[in-house]
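Okay, structure first, notes after.
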Amino acid sequence: MAMITVDVGAEAVHEYTRGITAGEVIANVHGRKSGAVAALVNGEERDFSHPLDGDCTVAPIPGESDAGLYILRHSCAHLLAQAVTELHPDAKPAIGPPIEHGFYYDFHMEPVSEEQLRAIGKRMKQLVKQNLKLEREELDNAALRKLFGDNQFKLEILDDKLGHDVGSSAYRQGDFVDLCRGPHVPSTAHLRWFNLTSTSQAYWRADRERESLVRIYGLCYATKDGLRTRERQLEEAAKRDHRKIGREMELYMIDELLGKGLPIWLPHGEVLKDEIERYAVETEEAYGYVRITTPVLGKQQLFEASGHLPHYADSMYPPMEMDDGTYYLKAMNCPMHHLVFRHRKRSYRELPLRIAEYGTVYRNELSGTLSGLLRVRMLSMNDAHIYCTLEQVAAEVAANIRMAQDYYATFGFNDYSFRLSLWDPEKRGKYIDQPENWEATQDHLQGILDDLGVEYEEAIGEAAFYGPKVDIQFTTALGREESIATIQLDFAAKERFGLGFMDETGTENGEVFVIHRAPLSTHERFVAFLTEQWMGNFPAWLAPVQVQVITISEKHRDYAAKVRDALAAAGIRVRIDDSDHTIGKKIRTHRKMRPAYMLILGDEEVAGNTVGIRARDGGQRNGVPLADFVVALAAEVTNRSPELRLVSGE
RNA sequence: GCCACCGUAGCUCAGCCGGCCAGAGCGGCCGCCUUGUAAGCGGCAGGUCGAGGGUUCAACUCCCUCCGGUGGCUCCA
């Protein structure tokens with residue numbers, strides 16, 4: 001038998017008989033219980049069963065590595081498909097990829113109830129116990145087409161992805177076989193730590209014209225710990241849910257008689273909205289913005305000129321017929337801002353002209369997508385449009401990125417990322433059809449980001465219909481990624497609205513670029529983010545109730561009123577509870593509203609003209625002179641300090 | 001909009017393989033207690049059991065339609 005040399009890492013080289021499998025080498029070097037799920041052979045991911053027929057390098061892929069988890073989750077999807085096809089023989093597996101935290105698989109089948117889902121999960125556990133081997137088969141195209149002849153989806157994958165004469169592989173476990181590139185874990189016994197979580201409907205190829213499929217989701221990890229940790233994370237996240245906290249703190253309400261997606265801001269939520277807006281006004285004044293107000297509806301012709309009606313009509317409310325024409329509710333402010341820009345002749349000296357508006361737009365989101373404040377039909381925005389020359393674009397984009405970063409630092413957001421949203425040349429109907437302008441503008445925007453050294457991901461098909469965007473992405477407490485900010489470069493408005501200015505040479509210049517930007521998302525979504533970020537425990541400057549005054553007995557009512565008045569006079573949002581409940585009871589009750597500080601007032605405080613401060617974490621500081629507290633808190637609020645310092649900082 | 005699941009007092013939930021007047025805790029209101037850091041005690045009020053149809057001697061409980069919510073899909077600030 002011929003021998004081969006195998007480099008197994010750490011400068012170790014072993015000799016084996018030709019034809020030994022990668023798995024046997026790994027078992028030999030790392031032990032049978034190494035936790036590896038597959039092998040890296042000459043840098044390529046392979047099954048354990050992969051035979052080695054020449055000199056090579058072999059390394060294990062640990063289950064807990066990114067690549068290992070990917071393989072585990074992929075194999076778990078196969079296991080799911082096996083269980084589903086056993087229990088529901090008519091089900092046709094379509095596609096089943098690994099995803100973050102787990103996997104899903106789409107089937108063409110009758111809808112699956114919760115009970116059936118549990119049965120499928122149970123069957124999967126049984127298959128794990130049977131320790132079935134996942135065996136790879138190399139097949140040519142004819143054999144594959146025969147094998148999957150009764151599954152239109154697999155045939156379509158064969159047609160599209162592999163061409164008509166290229167062979168590929170299938171994996172078999174028990175009676176189940178699936179078209180797959182691999183690699184996979186060697187046997188089902190490796191798949192212990194999974195959990196089916198939910199079902200949903202999905203379309204084949206994400207195309208609503210195509211077949212409707214049943215999607216089954218599951219979590220999958222390499223270890224019990226991994227799975228439990230994720231499950232605990234989800235439980236913790238549920239506690240941050242802005243809908244739950246929003247109800248407790250009375251931030252907003254939604255009444256079905258009014259309509260879904262149409263939140264009413266209650267007094268406490270209104271405080272948050274006002275504080276955000278006040279901060280934005282201050283910031284934008286410093287950055288040289290002017291503010292205007294425009295109507296919530298406008299004529300059809302305006303939205304035709306802007307391109308909204310051809311490209312954005314699905315998101316707009318149906319037209320209103322009036323005696324002098326057809327009107328639409330605005331879904332964006334830009335068309336009206338363009339009118340302001342061209343209202344009179346502009347000079348190059350005015351550019352960049354930065355026009356801001358704090359107003360509300362209305363978008364007809366599909367009813368099934370609406371959720372709390374995160375996805376609504378009424379969008380309150382800190383919106384603005386910047387009119388400038390091509391040369392000025394870079395500085396304006398940079399200033400906006402800096403502005404956004406400053407905002408997020410103040411609000412305590414760390415976990416966000418940048419995305420360069422590009423058009424999809426395959427779907428020109430969605431966009432203004434000027435390919436050269438798209439390419440040029442996208443290159444320009446990309447260059448600006450590169451110059452700034454900002455890291456970003458590219459996203460095809462995420463552009464606005466009028467131009468590419470820089471989006472800032474945020475992951476919600478429940479793990480869904482949403483855009484928090486957007487900076488959009490619009491090359492189309494100048495022609496559509498005839499925008500122009502008189503340049504330095506005294507000639508008409510039509511090269512006006514428009515930057516659409518909204519660094520604070522919508523107030524609705526932003527408050528949802530903030531609530532989840534802080535779990536409702538907002539910094540003092542944002543807290544709807546900044547101070548809750550609590551008396552120990554009715555003897556202290558007069559002093560409490562005096563304390564309240566002193567705080568209110570300093571502009572502090574203060575509430576008083578001088579009811580005859582016990583102090584423990586009152587603390588417990590008011591925690592729900594999450595005031596920045598509670599002040600406990602009893603004989604000692606009355607005697608010394610002081611306050612006893614109780615922080616949200618239970619920290620306590622007694623005997624603080626009332627006047628000192630007022631001054632310190634006022635400073636904390638004015639500075640927009642992200643942390644409560646008056647107790648912990650001692 | 002599509003699919004699944006869910007819908008009992010302001011909130012959190014029990015009851016429901018059909019059968020006595022639909023229950024609890026919290027919250028609210030009224031008393032008592034006068035309180036030193038996460039629930040003092042007692043009483044009272046509050047529900048056309050999401051809405052409308054149907055099956056049945058009988059429906060909160062079974063069926064249908066609609067409305068609303070949740071999770072996804074699609075979409076997206």
Side-chain angles (χ1 to χ4, degrees), chain A residues 104 106 110-117 197-204 206-209 212-217 238 241 243-244 247-248 250 253-257 259-260 312 314-315 331-332 361 363-383 421 430 461-462 464 469 471-474 478 480-486 488 516-526 528-529 550-557 578-592 598-605 612-615 618-620 622:
Chain A
Y104 70 79
D106 288 346
E110 292 295 310
V112 171
S113 69
E114 258 179 21
E115 200 176 322
Q116 288 170 324
L117 187 66
T197 53
S198 61
T199 65
S200 78
Q201 177 257 15
Y203 298 103
W204 174 238
D207 181 349
R208 66 166 81 192
E209 304 298 314
S212 177
L213 306 172
V214 173
R215 176 170 296 179
I216 299 178
Y217 283 93
D241 193 323
R243 292 166 300 191
K244 175 178 145 62
R247 190 164 48 232
E248 279 176 7
E250 299 181 359
M253 59 175 270
I254 292 176
D255 192 301
E256 64 180 83
L257 190 57
K260 359 183 194 190
Y312 205 73
D314 284 352
S315 295
M332 295 184 191
V361 299
R363 295 188 189 168
N364 188 6
E365 299 292 333
L366 293 177
S367 61
T369 66
L370 302 173
S371 174
L373 290 177
L374 267 181
R375 168 145 272 113
V376 294
R377 286 174 164 165
M378 177 192 101
L379 296 80
S380 311
M381 287 224 263
N382 153 227
D383 197 12
S421 297
K430 285 177 65 177
E462 296 290 342
K469 310 189 278 182
D471 291 319
I472 302 178
Q473 301 298 111
F474 183 85
L478 295 173
R480 198 180 339 199
E481 186 182 293
E482 302 274 8
S483 290
I484 189 170
T486 184
Q488 312 175 346
H516 307 237
R517 43 108 278 171
L520 294 173
S521 188
T522 62
H523 294 322
E524 289 78 13
R525 183 172 285 181
F526 201 79
F529 286 152
I550 292 174
T551 54
I552 285 177
S553 85
E554 64 188 13
K555 287 184 297 185
H556 314 116
R557 280 182 177 162
D578 57 5
S579 67
D580 55 5
H581 291 293
T582 60
I583 174 175
K585 170 73 165 181
K586 286 194 261 193
I587 288 171
R588 187 182 175 91
T589 301
H590 294 294
R591 276 179 62 84
K592 192 177 64 171
M598 293 196 205
L599 297 185
I600 312 292
L601 306 181
D603 289 342
E604 286 175 31
E605 286 73 20
I613 309 171
R614 187 184 202 280
Q620 182 73 22
N622 289 331

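Letters A, B, ... mirror the listed sequences (proteins, then strands); counts begin at 1.
Comparing rU35(B), rC2(B), rA77(B) against the side chain of Y203(A) picks out rC2(B) as the nearest. The side chain of K260(A) sits closest to rG69(B) out of rC11(B), rU34(B), rG69(B). With distances taken from any side-chain atom of K585(A) to the nucleotides rU35(B), rG40(B), rC67(B), the minimum falls on rG40(B). When each of rU34(B), rC73(B), rA77(B) is scored by its nearest atom to the side-chain atoms of R215(A), the top-ranked nucleotide is rC73(B). Closest approach to the S371(A) side chain among rG71(B), rG68(B), rA77(B) is made by rG71(B) (side chain taken as heavy atoms from C-beta onward). Of the candidates rC73(B), rU37(B), rG1(B), the closest approach to any side-chain atom of N622(A) belongs to rU37(B).
Looking at heavy-atom distances under 4.0 Å, G584(A) makes contact with sugar-phosphate atoms alone, never a base. Among the heavy atoms of the strands, none lies under 4.0 Å from V214(A). E248(A) comes within 4.0 angstrom of nothing in the nucleic acid, heavy atoms only.
Annotation: rA4(B) and rC20(B) have their C1' atoms spaced 37 Å apart (nearest Å). Distance check on atom P: rC3(B) versus rA58(B) gives 34 Å, rounded to whole Å. Across rC6(B) and rU12(B), the matching C1' atoms stand 16 Å from one another, rounded to whole Å.
Listed by first residue number, the stems of RNA chain B with at least three Watson-Crick or G-U pairs below 3.5 Å are B:1-7 with B:67-73, B:10-13 with B:23-26, B:28-32 with B:40-44, B:50-54 with B:62-66.
Under the 3.5 Å distance criterion, with hydrogens and angles disregarded, no donor-acceptor pair is assigned to the side chains of S315(A) and E365(A).
Taking side-chain N and O atoms only, T582(A) has a distance below 4.0 Å to OP1 or OP2 of rG40(B).
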